[in-house]
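Take a look at the structure below.
Counting convention: from 1, in listed order, for ligands and their atoms alike. Heavy-atom basis, side chains included; hydrogens, waters and symmetry copies ignored.
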Amino acid sequence: MQPVDLIRRLAPSADPVDLAEDYAYPEQGRWLRANMVSSLDGAATRDDRSGGLGGAADRLVFSTLRGLADAIVVGAGTVRAEEYGPVRPGEGWDRLRAGRPAVPPLAIVSRGLALDFDAPVFTETGARTIVLTTESAAPARLRAARERADVIVAGRDRLDFGAAADALAERGHTRLLCEGGPGVLAQVAAAGLLDELCLTLSPLLVAGAGPRVLHGPAMAVAAELRLAHVLESESFLLLRYARGSR
Ligand SMILES: NC(=O)c1ccc[n+]([C@@H]2O[C@H](COP(=O)([O-])OP(=O)(O)OC[C@H]3O[C@@H](n4cnc5c(N)ncnc54)[C@H](OP(=O)(O)O)[C@@H]3O)[C@@H](O)[C@H]2O)c1
């Protein structure tokens, strides 16, 4: 990818931005990164969606992170609220995805499986959608899911996120991107699976009752991440926090 004019780096240096390099996954091992956007006052939604919080730079990073990922984990709540369609290749993905399928599959987390399996997100994909679900899913819904998707069952009544991530890794999906929503991300973090949080801080104040980027019970042990970089564009901050020294 070429240096990006739209975005400048504030830290750790003022070097030109190269998104493919700035967001490169570690070369080895499983790595789960989340990408979320928040208003300045901490809301993860505006009018029940996240789109109203984003901007041009955020959309560019969103696309780049998809292009770098092996699979995109996302909650069924977000798929429904944001009317997710199939993943489409973005600009510069040829280089990002050399040696890999043209697009990463979505891996949709759902217990109830109240999903439209005839929708394009299942029928018009470049990579067969994966459904991450539980043993307690209704058999008829499970059958419908299996017709249109690869199904991974992990956990009895609640998805076992660790086992689901292991199953994705067994399929070669080690570079994981979680696009939320807040309910799923809270569980991913509580399970100790979150290696990195890419957080766009939007310059908007919205108040209201929208959730934060993690929405769930308080974690017994707070996860602590280190600041890896700060990018800026049009008053948006693009923050990357990672565990360890990355
Ligand atoms: N600010 C951001 O960056 C951002 C990012 C993404 C989404 N959002 C916003 O967040 C909202 C949606 O978030 P959300 O927290 O309500 O929903 P979510 O996390 O996207 O999905 C929740 C759904 O995932 C399934 N699920 C969650 N935990 C499960 C478990 N342990 N086992 C099995 N299934 C499980 C359930 O699906 P079933 O009901 O199908 O069983 C549940 O209803 C939307 O308004 C969206 O616009 C914001």
Quiz item: What's the shortest distance from atom 27 (C) of ligand 1 to any protein heavy atom, and which residue and atom give it?
Solution: Q187 NE2, 3.6 Å
Exercise. Give yes or no for whether the N/O distance cutoff of 3.5 Å, strictly under, is met between R158 and ligand 1.
Key: no
Quiz item: Is A81 touching ligand 1 with its side chain, its backbone, both, or neither, if touching means heavy atoms under 4.0 Å apart?
Solution: side chain
Exercise. Might you point out which heavy atoms bring G85 and V121 nearest each other, and give the distance in Å?
Key: O-CG2, 3.7 Å
Self-check item: N or O contact, F161 vs ligand 1, cut-off under 3.5 Å
Solution: no
Exercise. Tell me yes or no: between the side chains of S63 and E91, is some donor less than 3.5 Å from an acceptor?
Key: no
Quiz item: Heavy-atom contact under 4.0 Å between E82 and ligand 1?
Solution: yes
Practice problem: Identify the two heavy atoms, one from R128 and one from P105, that lie closest to each other, and give their separation to 0.1 Å. | Solution: O-CB, 3.4 Å
Quiz item: Relative to the heavy atoms of R49, which atoms of ligand 1 are at a distance of less than 4.0 Å?
Solution: 47 (O)
Quiz item: Any ion pair linking D116 and R80 (charged N to carboxylate O, less than 4.0 Å)?
Solution: no
Quiz item: Charged N to carboxylate O under 4.0 angstrom, D22 versus R9?
Solution: yes
Practice problem: Pull out every atom of ligand 1 sitting under 4.0 Å from any heavy atom of V184, numbered as shown with elements. | Solution: 19 (O), 24 (O), 27 (C)
Quiz item: Which protein non-hydrogen atom lies closest to atom 8 (N) of ligand 1, naming both residue and atom, and how far is it?
Solution: P182 CD, 3.9 Å
Practice problem: Could you list the residues that satisfy side-chain contact (heavy atoms from CB on, under 4.5 Å) with D47, not counting sequence neighbours? | Solution: none
Self-check item: Residue and atom name of the nearest protein heavy atom (relative to atom 7 (C) of ligand 1), distance in Å to one decimal
Solution: T78 OG1, 3.1 Å
Quiz item: Of the choices E83, R111, R80, which has the non-hydrogen atom that lies closest to atom 33 (C) of ligand 1?
Solution: R111
Practice problem: Taking side chain to side chain donor-acceptor pair (under 3.5 Å) as the test, write out the residues that go with R141, two or more places apart. | Solution: none
Self-check item: Closest approach of any protein heavy atom to atom 22 (C) of ligand 1, naming residue and atom
Solution: G77 N, 3.7 Å
